[in-house]
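Side-chain atoms are counted along with the backbone in the values below, which use heavy atoms only and exclude waters and symmetry mates. For this chain, numbers begin at 1 and follow the sequence in order.
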Amino acid sequence: MSYAPQGQQHQPYRPEGHTPQPPYGDQYGRPYEQPQGHWDQEEPERPRRRGRRLLIACVSVLALAGIAAGVMTYYEIPPFTDKGSSVSFGQNGGGKGSGQGGSGAAQQPANSRMLMPTGPAAEFKNSMTLPDGTHVAVTTLDGKKSGFKGKVWVWAPKEYDDPKFAKSGFPVMIALPGGAGYPSNYWMGTDLGLQTSISKWYAEGKSKPFLLAMPVLNPGPDDKGVYWDGSDIPGQPKMGTWLTEDVPDLMKANFRTVKSRDGWAFMGSSTGGFAGMKAVLKHPDKFKAVIASGPDIVPDSSLWKGHDKEKAENNPELLAKQLIDTKGPDVYIAFQVGDNESNKKTLPDVQKFVATYGNKGPVHTSLRVIPGGQHNAKTYVPNMGEGPIQYISKVMEGPVE
């Protein structure tokens, strides 16, 4: 529809020099007889104006369609989202075949540093798709060794499907959240930028192209102040075994990984930082490095009551001392702590650990103090690229053949 500018009236067309007649007939009230083609007839709509109206209508329809598609995408309404669709990893380099029967490992040379997917393949469903086309996918893992059943989110960088790396094993980083860590793991969300940061850091030569495993940390919510310290507490779900046995087995079954411990690491914040650090110190034969952000240093779950022996076996301070005394395998702990943490003991406790055990024998440490840094993941992720990710990447392997 055509409109006059505000405050103006639309004027009908008249031939030059014409004097308008009374609008309804002649002076005697008789209606005018107007021959066909008379100027006072309604003008045919001009093609240009009609085309403009059609264009406006089409643009309006497309705009509304775009808004509707955006809304449906936001609320994850098919077909405007691929959330929930099946995702297959490890299609290059024999992953597809090995995932079906577990025969992939037998197809590689004995001296290979890469481990082919052992199978059986897990059923992964897409949780979200990143701008580079990679997927964060989720599966429910029935832990055979821990007896615990829970969700694990996984992500592979775009290099994993690059034909150049089709026969290469990739390093794995198990990323653990703070807080409840249940029923989800906040690292799986792209808002924190962990996945995109790893891709960026790899492109900059700072990081390995890690596969990410992001399991639930606890078997239930901590709404009553109960948490499990990522450990096997007697009489409780075996969350230590879940994190150090079942989750790595899931990654080995579905991805091309690194055979040796040189391709296995943890990262985590707060309670997740404690659990990751403790896992590396407790199992140095399986894991080589950890990035621990704002971590607790000692176990403090109320569920340890009456289990002092087992609590000591999961204490990072005692584990570090034991590793030094036995001259065990080298491990690398990259701490990062904000100088404005909510718990004012966090930084002094980490500094004391570094001073007591760090860089003595096999326990290697680094500490990045984040100016103005607070106790949250949004502080920790960008600062990982300012030292911690380089520190552990220098001592790890991958991709390897």
Side-chain angles (χ1 to χ4, degrees), residues 143-150 174 176-182 215-248 266-287 290 292-329 331 333 335 337 341-358 360-365 375:
K144 303 303 181 186
K145 295 177 180 177
S146 67
F148 174 72
K149 185 175 184 178
I174 301 173
L176 304 179
Y182 180 93
V216 295
L217 178 62
N218 289 315
D222 64 352
D223 53 356
K224 296 181 180 179
V226 176
Y227 49 94
W228 287 258
D229 273 341
S231 305
D232 290 359
I233 300 176
Q236 301 294 327
K238 295 182 178 180
M239 302 313 293
T241 300
W242 160 259
L243 296 176
T244 62
E245 297 280 351
D246 292 328
V247 173
F266 278 87
M267 65 83 65
S269 56
S270 193
T271 301
F274 162 83
M277 174 176 62
K278 187 257 299 184
V280 171
L281 290 168
K282 190 176 178 67
H283 303 284
D285 56 324
K286 297 178 181 177
F287 307 102
V290 58
S293 303
D296 303 321
I297 295 297
V298 296
D300 59 1
S301 170
S302 61
L303 297 172
W304 287 115
K305 186 176 181 180
H307 306 290
D308 292 343
K309 176 178 177 295
E310 292 81 2
K311 182 178 181 180
E313 292 170 351
N314 287 275
N315 186 325
E317 292 181 334
L318 299 180
L319 290 169
K321 183 179 184 303
Q322 179 181 328
L323 196 60
I324 293 170
D325 291 344
T326 59
K327 298 179 172 57
V331 296
I333 307 172
F335 291 105
V337 184
E341 298 264 345
S342 53
N343 184 349
K344 301 307 178 184
K345 290 186 59 182
T346 301
L347 182 55
D349 286 349
V350 170
Q351 290 171 327
K352 179 182 176 182
F353 182 95
V354 170
T356 305
Y357 308 105
K360 293 178 173 59
V363 181
H364 306 272
T365 60
H375 191 74

> Are E310 and W304 linked by a side-chain donor-acceptor pair shorter than 3.5 Å?
Replying inline: no
>> Please check if the number of heavy atoms outside K282 that lie under 6.0 Å from its NZ is greater than 12.
In response: yes
>> Tell me whether T356 contacts the main-chain N or O of F353 through its side chain, where contact means a donor paired with an acceptor under 3.5 Å.
In response: no
>> Between V226 and N218, is the side-chain contact (heavy atoms from CB on, under 4.5 Å) condition met? List the steps.
In response: CA-CA 10 Å; V226 176; N218 289 315; over 6 Å; no
>> Just by distance, no angles: are the side chains of T346 and H375 close enough, under 3.5 Å, to form a donor-acceptor pair?
In response: no
>> Here's a test for you: under side chain to side chain contact (heavy atoms under 4.5 Å, CB included), which of V331, I333, T365, L319 qualifies with M277?
In response: I333
>> Taking E313 first and then K309, would you say they form a salt bridge - that is, a charged N and a carboxylate O separated by under 4.0 Å?
In response: yes
>> Please check if the number of heavy atoms outside K344 that lie under 6.0 Å from its NZ is greater than 12.
In response: yes
>> So, using salt bridge (charged side-chain N to carboxylate O under 4.0 Å, His left out) as the criterion, who are the partners of K352 when residues are at least two apart?
In response: none
> For K286, which residues count as a side-chain hydrogen bond (donor to acceptor under 3.5 Å, both in side chains) partner, sequence neighbours excluded?
Replying inline: E245
> Quick one: which of L243, V216, T241 gives a side chain to side chain contact (heavy atoms under 4.5 Å, CB included) with F148?
Replying inline: V216
> Pick one: which of Q236, H307, K238, K278 meets side-chain hydrogen bond (donor to acceptor under 3.5 Å, both in side chains) with S231?
Replying inline: K278
>> Between D229 and D300 (side chain of the first, backbone of the second, donor and acceptor by atom type, cut-off under 3.5 Å), is there such a pair?
In response: yes
> Are any side-chain N or O atoms of S301 and backbone N or O atoms of L303, one a donor and one an acceptor, separated by less than 3.5 Å?
Replying inline: yes
> Side chain of N315, backbone of V298: donor and acceptor closer than 3.5 Å?
Replying inline: no
>> Check whether D222 reaches the backbone of Y227 with its side chain - one donor and one acceptor, N or O, closer than 3.5 Å.
In response: no
